[in-house]
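All values below come from the heavy atoms of this structure, side chains included, with hydrogens, waters and symmetry mates left out. Every chain is numbered from 1 and lettered A, B, ... according to where its sequence line falls, protein lines coming before strand lines.
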Amino acid sequence: MNEFIERNVRLSWHAAKRSYEVVIVGGGGHGLATAYYLATRHGITDVAVLERKYIGAGNTGRNTTVIRANYGIPEAVRFYQRSLDLYASLEEETGRGITHRQKGLLWLAHSETGIRAERARAELNTAFGAGTEYVGPDEIKKICPQLDMAGGGVWPILGASYHPGGATARHDRVVWTYAEGAMQRGVHIHQRTAVTGLIMDGDRVTGVETAAGPISAGAVVSAVGGHVTALASMAGLRLPIRTHPLQAFVTNRYGLGFDPIVSSSNLLFYASQTAKGEMLLGAEIDRQPSYSYRSGHHFLQSCGHRAMTLLPFLRNLRVLRQWTGVCDMSPDYSPVMGKTGVGGFYITTGWGTWGFKAIPVGGEQMAELIATGETPDLIAPFSLDRFARDRTMADRGSAGTH
Amino acid sequence: MSFHIPCPNCGARAIEEFVYGEIVVVPDSITDPDERNLDRAFIHGNPEGPTSERWFHAMGCQRWLTLRRDTRDEQIILTAR
Amino acid sequence: MPELKLFHGTRIVATPAALDTAVWPQDALALRLAPDEVFVTPAITADIVDDQHAIVAPDAGFAGAWIVPDEALEFLQRSCEWELPLERPAFAQGAVAGLPVKLWLEDDRVLFLVPAPYATDLEERMA
Amino acid sequence: MTNDKSLRLIVDGSLVEFFAGDNALVALLRAGLHPSQGGCLCLAGDCPHCLATVDGVSYVRTCQVAARPGMVIKRHPSDAPPPLPVGDCPGTDIIARHIYCDVVVIGMGESGRAAAAEAQRDGKDVITLDAAAGQEVIGIYPGPLVVARTRDGMADVHPHGEIVVATGAAEIHPVAPGNHLAGIVTARAATRLAVAGIDLGRVVAIGTPPEGIAVEQAAGELVRFDGVDRVEAVVMRNENGSERKIECDTVSIGLGLCPRDALLRMGNGLAVRAVGAAARTSDIPACPRAGTVCHCAGVTVDDLESVRARGFHELELVKRATLAGTGTCQGSVCLPYIRSFLADRGESLQPPFTARPVTRQLTVGEAAASSYHQATPRTALDGEHRRLGAQMERAGGWWRPWSYGDTVGEYWAVRKGVSIGDVSTLGKMLVSGPGALELLERLYPTKVATLKPGRSRYVLLLNERGYVLDDGLICRDDKTRFTLTFTSGGSSFAELWVRDWAESWRLDVRLLNQTMSLGAINVTGPLAHELLARAGVGDPPQYLHHRTATVTGILCRVFRLSFTGEVSYELHHSVADSVTLWRRLLRLGADLGIKPHGVEALLMLRLEKGHIVVGQDTDFDSTPRRINHEWAVKLDKPDFVGRQAILRTDKVPLDRQLAGLEMEGPAPAEGALIWKGSDYVGFVTSSVFSPVLGKAVMLGWLKLLEGELPAELTIVGRPARRVPTPFYDSEGSRARA
């Protein structure tokens, strides 16, 4: 008996119309959540989500499902804590299971400077509403008995910040829950519908071109991952985004027994056990920009090696599958959301390695922006024009892994 | 993703031996000095297709090389010193 | 595996043409690290290179050891992800055991050099 | 084949005899055991039914490993995945060997042998990898690279030419109620088991019969398998709709072939070619009516129907909604049926799932074979520090002595006597050539031309965003020759940066990075002159001057500067001389109370002077204005890297600034938040209780409130004040003494 078979969600597909009030490009988590919140919070249901493959085919379905709010700047801590809270209540709100598990997240330090950084993270997080505490070796061992505190004699574990709110949820179920919730309220979702151009009226975006013909829209939202530079350029926008691959792998299924999410600041890997029982391991992004989904052998070797150094029980686990997604990295490791300076065109991008965590809050805030025309306070710091305003959101708490 | 980069000094080596360097191109259409600087500092061409870039062979000769690579499939088209 | 020792020599940075035409002492080993850089061991005097702006610096920044070919190749087969040159003698450089290693391959011996700060790591990884 | 009684292995704690040549699966079947309680066995590494834990490794395909005396096999639990290992799994490091060749042939069946022979006839250097010989290819990667697990470690095969996939085809399994029972085998497996001497009893064949075995052929459509644990009968439906039950001990399944082309698809875009059965198109079996489709995840035909009816039509969505195809066999068994099912329900025949590594499983330990940690460099004095009992830390990318055990004592040695510190980790670079001056003028925000030979100057290094990348010194040696220093953390990056610009501007310069060739020892404290005099340098350079000198008989370049606030001389020398110089200085200064100081004491000393540490006190968007270093930037100079960005950002009101802070009592932790009333205004970047001042001194970020930096603040609940820096010796007379 497979408890993971989706038995509740019902997707209802519609024929495409020629015109919608809002067209959202990209049927991943952010696009679907935006549609869902437009419908549920603002009653805006004349909405189409256009997806070039199938819903969740891009980075939402490829990510490693960590949800956390232990970021490095107050603006980000507040933003992601809101997401953490929305995730925690999403099952109750929708009546659908997203396999949400609050697990706690350990961020390990291996040097004096690392200890200082994790203490500082705990201090900042706590002040802005995301519970994080500094923990010493004894507590670390209690939270995750599998850790080799000597770090294989190479990277001893000296301390950690512990973020009890750290959680995971099944990525596909998040996608389907938002898709179903939006569809139920009348939102159209069109798969296999790639956007090939933006329709401009003067300097305003008024619709999109697709292989099946043009669709006009009162507002167009780019919620694409990986191809945002090309899409934005159709509106004459140049973006501070570079797209990098991010790889991960899972082992076969084993009995549950690895409770927290563990991350190492120096070894740059992270590990958790999925609800299915697979050990899921990831590491930093590939350094070269690329749109290739091809997996590399060096990643498997290096990530496996680093993980095994702190978690020696991994040695004899068998690898099941490795895969690759692509991450749109911004220069300051923070998202880029909101108005673009081009009328009728909104953007949610720069999701780097932190996009999954932000799906609920990203969707909620984008929906509010589109519905009201006013940029909500929570996302105002993340606007595209912050680079020109010399107000970058440099966030060391988010750089490059998960 | 790992692939090999043909270093003109050392020979083909795995990408992990190198450090990536971007070649920034600011369009001529941008003429205001501040706007040119803003573009140069933050904007990325981020092309889906062939792109020119620099790689520093940190594990070998410790020199830069220039190459063209297709970001869709990682094919290397051309290398120069 | 023998203990790695510092190799005393001279680091020269000069125009490629000046290095191409320089004649090194017969007993010296000249490793061309880059078109404009050479490491000569043992140390030599400055006036060999025809470039008034050349940097000629005494250098003991590499630690190294000569290894018999069988041992060297056995180690390289598991620690070196790139193909060794076939001709001898030959100079080659790149990652070996995750470290920036320079190799001088002769018929009956192989010289391993690594920046001195990585000497301990190379010794451990060769052991 | 002889039955040697010494051949025993252990299955779930009991001894089981096997024959020489048996694989582990045959050994189990010979003993009347089924490795996973049931399911159609293929004996070819395709299905998930022979998985077991072998010698501590779960998910091993027992048909792919030779039985060995003493081998310990545990069957996976029938109702749950195998348990997560508890505690450490000791094991020897597995080695990966790199092999170079022209052509790789994967699979040594008939077509593989032919392809290998043909390549060899063409004079190619051929490597063959055959799963039957224990060489299991786990993936094809860009490079191209073929990675295989072999009996003596991993093999990383790098072909110059093509990769030939000759992996053959897998047999299609049955989907019908009862297909979880033991006693069902594929036709090829039936033949192999018979050859191995396993008694199959009465064999009924569905579809293509096995070779070399007497069978009863079952005609018609498969309805179900009957039995309790083992199959006892198979029920078939005739063309006229009537059912017929055929009693049996074994059912042989010959329902067609599906190419083992995962490697071919994984190598898409690389020089990969399939031959033989691996190149065929897949047989698509009839759409199943009932039964388990995916055994790895436990997905039935009803489950497929249920998710399809609720809008999951895409093959990938069906896979994700049921998890069919995501288990150990990665769709080998279920994929033909899911495609058949969706085609039957009116969708087009959809292409197979994306092929991803790994195709044959390996352990994490095997995956990590011959992988190395990024090494942390050590200075030539590493051994000295350890002998002195230093707490060694990774700092700025190097192993450095954090403290020798008495940080405050080390501190006072600098403030009142003399101390030495290992600063070999600083970046050091020589620049020479006609273009050297221009390079530095364009690279640094300071005026370089005015720097006289023999003089040094503190400099910031900026990027094109106008952010501070690093700081250090420019030291002029002569008209066309300079020495540059960088921070320890910046040293690995500095060479890339300088070379990139020199090339981009096409300047005629020579660059030599001496970071790893030169050691550096900082002699600091009011008695530093005295120590240097004893060391043979009676006329040391003036403040911010440098020259060559022989120190204790060792040739050094002596740079006078100060990071600690006291008189300081940095002695740059060959790494070959570091230990000798260090020991001689300690001996010469013994009666002066000399002590070496570690990084922790150094961080205290510099903080009292208000000196920043790039990376600790700066963030990656720190402009000179934000860190109060506008004095180091000469905007009246022609262009330099970062100039236009500073002109641009100067037009925007300042939002925050790094400032000096002080408070009574113990020092708060670095990272402590700074409040103005109930408003958050920033955080502390550096913090120490100053022994000489008797109060806590700090650097920290402050937000401007209504255009002003707040002055009266609260940190860790206590009052604090913004104050100018330096905190100590604000005139700088001690460093210049």
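Side-chain contact check for Leu571(D) versus Ile554(D): every heavy-atom pair is 4.5 Å or farther apart. Two residues are said to be in side-chain contact when any heavy atoms from C-beta on lie closer than 4.5 Å; Trp24(C) and Leu19(C) meet this criterion. For the pair Ile44(C)/Ile12(C), a side-chain contact is recorded, criterion being any heavy-atom separation below 4.5 Å from C-beta on. With contacts defined as side-chain heavy-atom distances shorter than 4.5 Å, the pair Val40(C)/Leu29(C) does not qualify. Residues Ile521(D) and Leu381(D) are in side-chain contact: their nearest non-hydrogen atoms beyond the backbone lie under 4.5 Å apart. Taking the side chain as every heavy atom from C-beta outward, Pro25(C) and Ile48(C) approach each other to under 4.5 Å. Contact annotation: the side chain of Leu270(D) never approaches that of Ile163(D) to less than 4.5 Å [non-hydrogen atoms, C-beta and beyond].
In this structure, CZ in Phe75(C) is found 8.5 Å from CD1 in Ile67(C), a value given to the nearest 0.5 Å. Atoms CG and CZ, on Leu473(D) and Phe482(D) in that order, are 13.5 Å from each other to the nearest 0.5 Å. Taken to the nearest 0.5 Å, the CG atom of Leu439(D) stands 8.0 Å off from the CG atom of Leu484(D). Rounding to the nearest 0.5 Å gives a distance of 5.5 Å between CZ of Phe91(C) and CG of Leu31(C). Here Leu443(D) contributes atom CG and Ile474(D) contributes atom CD1; the two are 8.0 Å apart, rounded to the nearest 0.5 Å.
For chain D, the option among Gly61(C), Pro58(C), Ala95(C) with the highest count of heavy-atom pairs below 4.5 Å is Gly61(C). Each of Ala57(C), Ala97(C), Ala119(C) has some count of heavy-atom pairs under 4.5 Å with chain D, and the biggest count is that of Ala97(C). Here Pro434(D) is the residue among Gly519(D), Pro434(D), Gly153(D) with the most heavy-atom pairs under 4.5 Å with chain C. Counting heavy-atom pairs closer than 4.5 Å to chain C, the top-ranked of the candidates Ile95(D), Leu511(D), Val431(D), Leu512(D) is Leu512(D). Among the candidates Ala14(C), Ala63(C), Ala116(C), Cys80(C), the residue making the largest number of heavy-atom pairs closer than 4.5 Å to chain D is Cys80(C). Counting heavy-atom pairs closer than 4.5 Å to chain C, the top-ranked of the candidates Gly433(D), Pro377(D), Ala96(D) is Pro377(D).
Closest heavy-atom contact between Gly435(D) and Val509(D): C-CG1, 3.3 Å.
For Ala375(D), the parts lying near chain C are the backbone and the side chain together; criterion is any non-hydrogen pair under 4.5 Å. Only the side chain of Leu6(C) comes within less than 4.5 Å of a heavy atom of chain D; its backbone N, CA, C and O stay farther away.
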Write out the donor-acceptor pairs between chain C and chain D under 3.5 angstrom, atom names and distance to 0.1.
| residue | atom | partner | partner atom | Å |
| --- | --- | --- | --- | --- |
| Asp51(C) | OD1 | Arg510(D) | NH2 | 3.2 |
| Asp51(C) | OD2 | Arg510(D) | NE | 2.6 |
| Asp51(C) | OD2 | Arg510(D) | NH2 | 3.2 |
| His53(C) | O | Ser432(D) | OG | 2.6 |
| Ala54(C) | O | Arg481(D) | NH2 | 2.9 |
| Asp59(C) | OD2 | Ser517(D) | OG | 2.7 |
| Gln77(C) | O | His98(D) | N | 2.8 |
| Arg78(C) | O | Ser370(D) | OG | 3.0 |
| Glu81(C) | O | Tyr100(D) | OH | 3.4 |
| Trp82(C) | N | Tyr100(D) | OH | 3.0 |
| Trp82(C) | O | Tyr100(D) | OH | 3.0 |
| Glu83(C) | N | Tyr100(D) | OH | 3.2 |
| Glu83(C) | OE1 | His160(D) | NE2 | 2.7 |
| Pro117(C) | O | Arg378(D) | N | 3.0 |
| Arg125(C) | NH1 | His373(D) | O | 3.3 |
| Arg125(C) | NH2 | His373(D) | O | 2.9 |

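Identified by a heavy-atom distance below 4.5 Å to chain D, the contributing residues of residues 104-115 of chain C are Pro115(C), in residue-number order.
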